[in-house]
Amino acid sequence: MRTHTCGQLRLENVGQRVTICGWVDTSRDHGQTIFLDIRDRYGKTQVVVNPDSGSAALEIAKSFRGEDVVLISGRVDRRLEGKDNTKLDTGAVEVVAEEVRLLNRSLTPPFFPNQEELPGEDLRLKYRYIDLRRTAMQNTLLLRSQIIKKMRDYFADHQFIDVETPILGRSTPEGARDYLVPSRVHWGKFFALPQSPQLYKQILMVAGYDRYVQVARCFRDEDLRADRQPEFSQLDVEMSFVDADDVIGLIDGLMVKLAKEILGIDLKTPLPRMTYDEAMRRFGSDAPDLRYGMEIVDCSDLARQTEFRVFRGAVDSGGFVRGLKIDRRAEEFSRKRIDELTEFVKHDFAAKGLAWFRCEPDGSLWSPISKNVEPTVLEGFKQRFQTSPGDLILLLADAWEVTCKGLNGLRRKLAAELKLYDPAQMHFSWVVEFPMFDHDPEENRWVATHHPFTAPRPQDLSKLKETPDACRAQAYDLVINGYEAGGGTIRIHDSGTQQCVFDLLGITPEMAVNRFGFLLDALRYGAPPHGGIALGIDRVVMLFGGLDNIRDCIAFPKTQRAMDLMTEAPGDVELKQLRELHIQVETPPVKSK
RNA sequence: GGGGCCGUAGCUCAAUUGGUUAGAGCACCGGACUGUCGAUCCGGAGGUUGCGGGUUCGAGCCCCGUCGGCCUCGCCA
């Protein structure tokens with residue numbers, strides 16, 4: 001139908017007879033001359049319809065409205081002297097219409113792809129096909145496509161084999177809530193959609209496919225966030241005969257390639273690494289944003305020297321007193337703003353409160369509580385924080401976890417508000433040596449930090465039974481700008497260690513056989529040492545695209561309540577379908593007032 | 001499950017903080033116009049203020065509930 005796209009024509013095409021197709025972006029009707037901007041995903045081209053085009057063409061063009069689909073044939077002409085549009089790549093030329101055809105009329109859309117203010121997100125999602133016409137969305141999906149292609153190229157270049165794994169799998173109680181699919185054939189039984197292809201890729205290692213890669217769709221039925229969707233894509237990787245350094249090194253190479261070819265940035269390798277313990281100590285997070293400083297400072301030892309109950313009480317009960325310093329901007333923090341920060345840490349992180357000190361022009365520390373704190377301790381704070389006049393210190397006195405979460409929350413919030421970093425800047429790093437286990441206080445048991453197949457560091461094997469909390473895993477997370485962009489582990493490849501870990505997690509041999517017997521069996525039939533990683537493709541695209549939510553890098557995302565506003569999924573099904581699946585739906589309980 | 005913000009014309013927003021007939025820009029409809037590129041000019045139509053209840057002489061505004069969107073804690077690798 002068309003000879004050129006709407007982004008293609010240049011001065012060198014002047015004189016050619018061309019046909020372009022696309023959507024009417026705008027029309028400017030001057031009576032005997034009509035200018036049309038025709039748009040497709042490649043760009044926009046101006047069309048001129050005038051009396052030379054014929055009165056019929058003029059008549060048709062006059063009827064065009066935004067988003068009508070049209071075909072224009074005509075001659076490419078250099079624009080009149082001084083009439084170039086420098087905003088368009090095609091701005092030096094225009095198509096003088098000889099034939100003007102309406103291919104399909106559009107209803108007046110609820111919004112226009114070229115409108116300056118973005119409509120509400122619910123409208124954008126309901127009319128996603130219109131939203132996807134916006135250049136920003138098209139650029140993002142193009143970026144996504146390029147990133148995935150480069151990932152595939154990279155792994156193909158490194159002798160990886162792409163293997164597809166099942167979508168209909170088996171539910172495993174570990175980890176996130178599963179999306180379930182009922183079986184028609186097997187009464188009362190269910191498939192589960194994969195949270196990740198974890199077990200399959202390990203089986204592939206046993207099978208000798210020593211370098212596996214897949215762009216895998218994964219599903220987790222948990223609550224959504226700006227950076228979390230119930231279905232998402234992972235670049236899933238597994239390798240045999242490797243240690244953590246091998247996997248990290250491979251991904252370093254991928255990041256170098258992506259940063260160079262997508263962003264034009266030269267990354268130095270190896271990418272910086274930090275242990276989990278150091279990350280929690282310095283930033284209170286296992287995915288610290290390293291684009292700015294404002295590190296956590298520990299004052300627990302100073303707190304032990306004061307009679308002030310808030311500080312002393314915290315350390316006496318096994319807690320910590322830790323804080324952040326905001327450089328030279330105390331005047332921006334009114335009492336009201338500090339109260340808001342206090343509310344923030346109390347409400348969001350269950351902190352007991354927020355103590356603060358302002359460094360005065362004479363260098364002394366002032367605070368509503370400063371009279372309660374001994375001068376020597378105040379002096380200690382000054383030394384510890386290296387305060388200068390105008391600095392503001394924020395302190396939490398709480399359990400370790402609360403200080404971590406609260407200070408991490410404060411650090412991120414303040415860095416954004418105070419613009420402590422350039423949003424275009426990118427920072428890549430690794431966090432390594434995660435703990436093997438977290439303690440679940442509610443059920444008083446150990447749970448796997450990563451998953452139950454994660455191998456401990458060899459030097460920590462002996463700690464496995466006596467001090468599980470001191471045992472560190474061969475685990476590594478890729479962190480970009482404070483987001484976990486991916487994570488992986490070296491796996492346990494011998495059934496003895498695996499049994500030991502199951503014991504700790506309270507998984508009895510019977511349960512283990514029942515849940516992952518096939519993996520345990522496989523590990524007994526010549527399993528090579530192996531490990532891998534999975535990168536969150538949506539998040540990588542989000543970060544490389546400088547976007548602040550994951551929905552904008554997915555063509556058809558779900559809302560926060562996990563609905564698709566365009567298709568209105570999930571939806572009702574016929575009673576007949578339910579009967580075939582042997583499923584009865586409970587009547588929802590009536591909400592009591 | 002908890003907390004917060006938002007919901008007014010097709011879209012983006014306003015409405016002097018409870019006051020009489022709810023406005024603007026864009027879009028839409030009709031008309032004019034041969035060089036625009038956010039075209040311009042003239043005219044027109046368009047509203048259950050998300051929905052339900054309450055307070056009040058009077059509610060877009062206050063209260064309660066509910067629906068929807070977003071952010072967040074819990075949850076989630």
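Proteins get letters first, then strands, A, B, ... in listed order; numbering begins at 1 in each.
- Straight-line distance between the C1' atoms of rC64(B) and rA22(B): roughly 25 Å, to the nearest whole Å.
- Mapped onto RNA chain B by nearest heavy atom, Phe112(A) and Glu116(A) fall at different nucleotides, with Phe112(A) at the one closer to the 5' end.
- Listed pair Lys87(A) / rG38(B) meets the phosphate criterion, a side-chain N or O lying under 4.0 Å from OP1 or OP2.
- Each of rC71(B), rC37(B), rG2(B) was ranked by its minimum atom distance to the side chain of Ala226(A); first place goes to rC71(B).
- Set against rC11(B), rA39(B), rU34(B), the side chain of Pro51(A) has rU34(B) as its closest nucleotide.
- The residue Gly487(A) sits apart from the nucleic acid: no heavy atom pair falls under 4.0 Å.
- Computed from coordinates, the Phe344(A) CZ to rC71(B) C1' distance equals 11 Å when rounded to whole Å.
- Side-chain contact check for Tyr476(A) versus Ile490(A): some heavy-atom pair is nearer than 4.5 Å.
- For the OP1/OP2 pair of rG69(B) and a distance below 4.0 Å, the side-chain nitrogens and oxygens of Arg561(A) include at least one atom meeting the criterion.
- One atom, NZ of Lys83(A), and another, P of rC37(B), lie 8 Å apart when rounded to the nearest Å.
- Among the atoms of the strands shown, only primed sugar atoms or phosphate atoms (P, OP1, OP2) are found under 4.0 Å from some heavy atom of Leu565(A).
- A donor-acceptor contact under 3.5 angstrom links the side-chain atoms of Glu94(A) to the base of rG35(B).
- Here Ile34(A) lies out of heavy-atom contact (under 4.0 Å) with every strand.
- The listed nucleotides are rC75(B), rA77(B), rG35(B); the one nearest the side chain of Gln234(A) is rA77(B).
- Within 4.0 Å of Arg539(A), counting heavy atoms only, lies no atom of the nucleic acid at all.
- With hydrogens and angles ignored, a donor-acceptor pair under 3.5 angstrom links the side chain of Gln46(A) to the base of rU36(B).
- Residue-level contact check: Asp29(A) touches the bases, meaning some heavy atom is under 4.0 Å from a base atom.
- Residue Asp25(A) is tested with Arg39(A), Arg65(A), Arg133(A), Arg134(A) for a salt bridge (Lys or Arg N to Asp or Glu O under 4.0 Å); the sole match is Arg39(A).
- For Asp223(A) against rC75(B), no side-chain N or O and base N or O form a donor-acceptor pair under 3.5 Å.
- Going from the P atom of rG50(B) to that of rG38(B) covers 34 Å, rounded to whole Å.
- Pairing of rC29(B), defined by two Watson-Crick or G-U wobble distances under 3.5 Å, is identified with rG43(B).
- Remark: P of rC28(B) and CZ of Arg65(A) are 6 Å apart, rounded to the nearest angstrom.
- Relative to the side chain of Lys405(A), the nucleotides rG69(B), rG74(B), rU34(B) differ in distance, and rG74(B) lies closest.
- In this pair, Phe111(A) does not lay its aromatic ring on the base of rC11(B); centres under 5.5 Å and planes under 30 degrees do not both hold.
- Ring stacking is absent between His450(A) and rA77(B), as the pair misses the limits of under 5.5 Å between centres and under 30 degrees between planes.
- Of the candidate nucleotides rA77(B), rU36(B), rC33(B), rC33(B) has the atom nearest to the side chain of Lys62(A).
- Proximity note for Thr449(A) (side chain, C-beta onward) versus rG35(B), rA39(B), rA77(B): the nearest is rA77(B).
- Of the candidate nucleotides rC33(B), rA39(B), rU36(B), rA39(B) has the atom lying nearest to any side-chain atom of Thr26(A).
- Distance Leu123(A) CG to rA27(B) C1': 14 Å, rounded to the nearest Å.
- Gly175(A) comes within contact range of the sugar-phosphate backbone alone, with a heavy-atom separation under 4.0 Å but no base atom that close.
- Straight-line distance from the CG atom of Leu9(A) to the P atom of rC37(B): 22 Å, rounded to whole Å.
- Residue contacts shown for Gln32(A) include a base, since a base heavy atom lies under 4.0 Å away.
- An OP1 or OP2 oxygen of rC70(B) is reached within less than 4.0 angstrom by no side-chain nitrogen or oxygen of Arg225(A).
- Here, rA45(B) and rC63(B) have their C1' atoms 37 Å apart, quoted to the whole Å.
- Applying the 4.0 Å criterion to OP1 and OP2 of rA77(B), one finds that Gln195(A) has a side-chain N or O inside that range.
- With both pairing distances under 3.5 Å, rA24(B) is matched to rU12(B) as a Watson-Crick or G-U wobble pair.
- In this structure, Ile537(A) atom CD1 and rA77(B) atom P are separated by 18 Å, rounded to whole Å.
- Asp227(A) comes within 4.0 angstrom of no nucleic acid atom, judged by non-hydrogen atoms across all strands.
- When Asp178(A), Asp221(A), Leu180(A), Val181(A) are each tested for a side-chain contact (heavy atoms from CB on, under 4.5 Å) with Leu193(A), only one passes: Val181(A).
- Using C1' as the reference atom, rG23(B) and rC62(B) are 23 Å apart when rounded to the nearest Å.
- Taking atom CD of residue Glu117(A) and atom C1' of nucleotide rG7(B), one finds them 17 Å apart after rounding to whole Å.
- Here Arg228(A) lies in heavy-atom contact (under 4.0 Å) with a base.
- Looking at Asn549(A), its side chain has no donor and acceptor atom pair within 3.5 Å of the base of rC70(B).
- A gap of 23 Å separates the P atoms of rG44(B) and rA39(B), to the nearest Å.
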Item to check | Test salt bridge (charged side-chain N to carboxylate O under 4.0 Å, His left out) applied to Asp538(A) and Arg144(A), step by step | outcome: CA-CA 8 Å; Asp538(A) 314 273; Arg144(A) 184 185 178 107; 3.0 Å; yes
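- Across rU34(B), rC75(B), rA77(B), the shortest atom-to-atom separation from the side chain of Thr33(A) is found for rU34(B).
- Backbone-only contact: Glu121(A) has heavy atoms under 4.0 Å from sugar-phosphate atoms and none from a base.
- In this structure, Gln560(A) reaches the bases: a heavy-atom distance under 4.0 Å links it to at least one base atom across the strands shown.
- Summarising the geometry, the separation between CG on Asp77(A) and P on rU34(B) is reported as 20 Å, rounded to the nearest angstrom.
- Checking rG35(B), rC28(B), rG38(B) against the side-chain heavy atoms of Thr108(A) singles out rC28(B) as nearest.
- You'll find the side chain of Ile130(A) reaches within 4.5 Å of the side chain of Pro109(A), heavy atoms only.
- Put simply, the side chain of Arg411(A) does not reach to within 4.5 Å of the side chain of Ser285(A), judged on heavy atoms.
- Looking at heavy-atom distances under 4.0 Å, Asp348(A) makes contact with sugar-phosphate atoms alone, never a base.
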